[in-house]
Protein chains: 2
Amino acid sequence: MSPSVIEKRMRLFGDRCAELGLAATHQRRAIYRALAESERHPQPEAIYRRVKRRIPTISLATVYKNIKTFVEMGLLREVGCEAGSYRLDANLDRHHHLVCVNCKSVVDFYDRKLDQVRAGQASPGNFRIFRYQVEALGLCPACRSKQGLRKNKKRGQYGQSR
Amino acid sequence: MSPSVIEKRMRLFGDRCAELGLAATHQRRAIYRALAESERHPQPEAIYRRVKRRIPTISLATVYKNIKTFVEMGLLREVGCEAGSYRLDANLDRHHHLVCVNCKSVVDFYDRKLDQVRAGQASPGNFRIFRYQVEALGLCPACRSKQGLRKNKKRGQYGQSR
DNA sequence: CTATTTGCAAATAATTTGCCCATGG
DNA sequence: CCATGGGCAAATTATTTGCAAATAG
C-alpha cells in the first residue's frame with residue numbers, strides 16, 4: 001500500500017482510538033499498521049507473523065483480540081461478511097444475497113437489475129471474470145427492531161467512507 | 001423450499017452422481033436433501049443435526065466429507081467464497097472484490113459502474129440495505145495459466161445454471 | 001464381488017478465555 | 001496510580017484424517 005494511504009489510515013486509527021478512549025499501545029499500533037499496509041486481505045495468522053518480526057513477544061491471542069476490537073470500532077471489515085465457517089448454498093440459479101450485518105443471516109435475493117451488473121472497465125491484473133455476485137449489506141427485520149438497544153456497537157461499521 | 005424446487009434439485013443430484021459414478025448412498029442423499037430443502041444457508045453442524053433426525057447413526061465427519069464432495073461436483077457453493085477463516089480488509093473506501101475461485105486470493109477492485117449498483121426492486125422481507133458490494137468471481141492470472149492441469153476438478157463449479 | 005463410502009476416534013487447526021502482570025495516560 | 005491491555009496456557013470449537021467394517025452397484 002502506498003505510504004500516503006498508510007499514513008492516512010494510521011491517522012484515522014489514532015483519531016478513532018482517542019475518540020473512544022482506547023489506549024494506543026505499541027502492539028495495537030503495530031497490528032493496525034500491518035493491516036493498513038497489506039494489499040492481500042490477510043488472515044489473523046499472517047498478521048501475527050508480520051507483527052512478530054517487529055515485536056517478537058507478541059502473542060497470537062493479542063492479535064485476535066485486537067482484530068475483533070478494530071472490527072467493532074469500524075476500522076476493519078471482514079471480507080465476504082461471514083466469519084468462521086462454511087455457509088452453504090444449494091441454489092445454483094442466478095441470485096444475490098442479503099446479508100444482515102448484525103446477526104449474519106443470509107437471504108437469497110432475486111433481482112433482474114442486479115443480474116445485469118458488469119464492471120465498467122477491464123479488471124485489474126488480468127483477472128478473468130466468470131460471474132458477478134452482489135451482496136446487499138444491511139439489517140434484517142428482526143435486527144432492525146432491536147436497533148439502538150445493542151451494546152458494544154460504537155459507530156462506523158456500515159457505511160462507506162466516501 | 002418449495003417441493004418442486006427440491007425435486008428439481010434432487011434430480012440434478014441424481015444425474016450428477018450417475019454422470020460421475022458416485023454411489024448415491026442413503027446418507028449422501030439425505031445430506032443433499034437437507035441442503036436442498038434449506039432456505040437459510042446452513043453451516044455443516046446444522047445439516048448434521050437435521051440429517052441426524054432421520055439417520056441417527058450419521059456422523060459429522062460424513063457430513064463434512066460429503067459437503068466437500070458436493071462443492072467439487074458443482075452441486076453446492078460456499079456463500080461469500082472464502083471458506084475457513086477471517087479475511088480482513090482495512091480499506092474503508094468504496095470498492096469491490098475480485099475473488100479467485102481457485103486460490104481464493106482477493107484483490108480490491110475500484111469501479112465507478114459497480115459503485116452505482118442498486119436493486120431494481122424493494123428487498124424481500126423488509127431488509128434495510130445500507131450498501132452494496134460486488135464480488136467478481138473468476139481466475140487470477142496465476143491460476144489462469146495453470147488451468148487444465150488441475151486435478152479433481154470436474155465441472156460446474158463456476159457458471160450460473162441459467 | 002470389490003471399490004466406495006461410512007462411522008468412529010483421534011489428530012489437527014482455528015479461535016476464545018481466564019488470569020495475573022505490565023504499562024499508557 | 002489504576003484501569004486497560006498484553007502474554008501465556010488452557011479451553012473450546014471447527015475441520016480433517018486413518019482405518020476397519022458396511023454397502024451400493
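Throughout, protein chains are lettered first and strands after them, A, B, ... in sequence-line order, and every chain is numbered starting at 1. The shown structure was predicted, so the numbers you read here are calculated from the model rather than taken from an experiment.
- Side-chain contact between A:Leu139 and B:Phe130 is present, with at least one heavy-atom pair separated by less than 4.5 Å.
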With the criterion being N/O to N/O and under 3.5 Å, what pairs connect the protein with nucleotides 21-23 of chain C, and how long is each?
none

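- Across the protein-nucleic acid pair, B:Glu72 atom CD and D:dT16 atom C1' stand 14 Å apart, rounded to whole Å.
- If you measure from atom CZ of B:Arg49 to atom C1' of D:dA14, you get 13 Å, rounded to the nearest angstrom.
- In this structure, A:Tyr48 atom OH and C:dT16 atom P are separated by 16 Å, rounded to whole Å.
- In this structure, B:Tyr86 contributes its side chain and A:Ile67 its backbone to no donor-acceptor pair below 3.5 Å.
- Contact check on A:Lys8 versus B:Asp93 returns a salt bridge, with a Lys/Arg side-chain nitrogen under 4.0 Å from an Asp/Glu carboxylate oxygen.
- Each end of the helix from C:dC1-D:dG25 to C:dG25-D:dC1 yields a helix axis from five base pairs, and these two axes differ in direction by 40° (to the nearest 10 degrees).
- Counting to the nearest Å, the C1' atom of C:dT15 and the OH atom of A:Tyr86 are 17 Å from each other.
- The CG atom of B:Leu76 lies 7.5 Å from the CG atom of A:Asp89; values are rounded to the nearest 0.5 Å.
- Donor-acceptor pairing under 3.5 Å is lacking for the side chains of B:Gln27 and B:Arg29.
- Checked by atom type, the side-chain pair A:Tyr48/A:Lys52 shows a donor-acceptor distance below 3.5 Å.
- B:Gln116 and B:Arg118 share no donor-acceptor pair across their side chains, judged by distance under 3.5 Å alone.
- Under 4.0 Å is where a charged nitrogen must lie from a carboxylate oxygen, and between B:Glu37 and B:Arg50 at least one such pair does.
- For A:Asp108, the side-chain hydrogen bond (donor to acceptor under 3.5 Å, both in side chains) test picks out A:Asn91, A:His95, A:His97, B:His41, with sequence neighbours left out.
- Remark: B:Glu7 engages B:Arg33 in a salt bridge, criterion side-chain N to carboxylate O under 4.0 Å.
- Closest non-hydrogen pair, A:Val63 versus A:Pro44, comes out as CG1-O, 3.8 Å.
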Protein-nucleotides 20-25 of chain D N/O pairs under 3.5 Å:
unit_1 : atom_1 : unit_2  : atom_2 : d
D:dG25 : OP1    : B:Ala24 : N      : 3.3

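- Nearest-nucleotide assignment on DNA chain D puts the 5′-proximal partner with A:Gly21, out of A:Gly21 and B:Glu45.
- Atom C1' of nucleotide C:dA13 and atom CD of A:Gln43 are separated by 12 Å, given to the nearest angstrom.
- B:Arg49 is linked by a side chain to side chain contact (heavy atoms under 4.5 Å, CB included) to B:Glu45, B:Ala46, counting only residues two or more places apart in sequence or in another chain.
- Contacts of residues 52-67 of chain B with DNA chain C (heavy atom under 4.0 Å): B:Thr57, B:Ile58, B:Ser59, B:Ala61, B:Thr62, B:Lys65, B:Asn66.
- Here the CG-CZ distance, from A:Leu22 to A:Phe70, works out to 8.5 Å after rounding to the nearest 0.5 Å.
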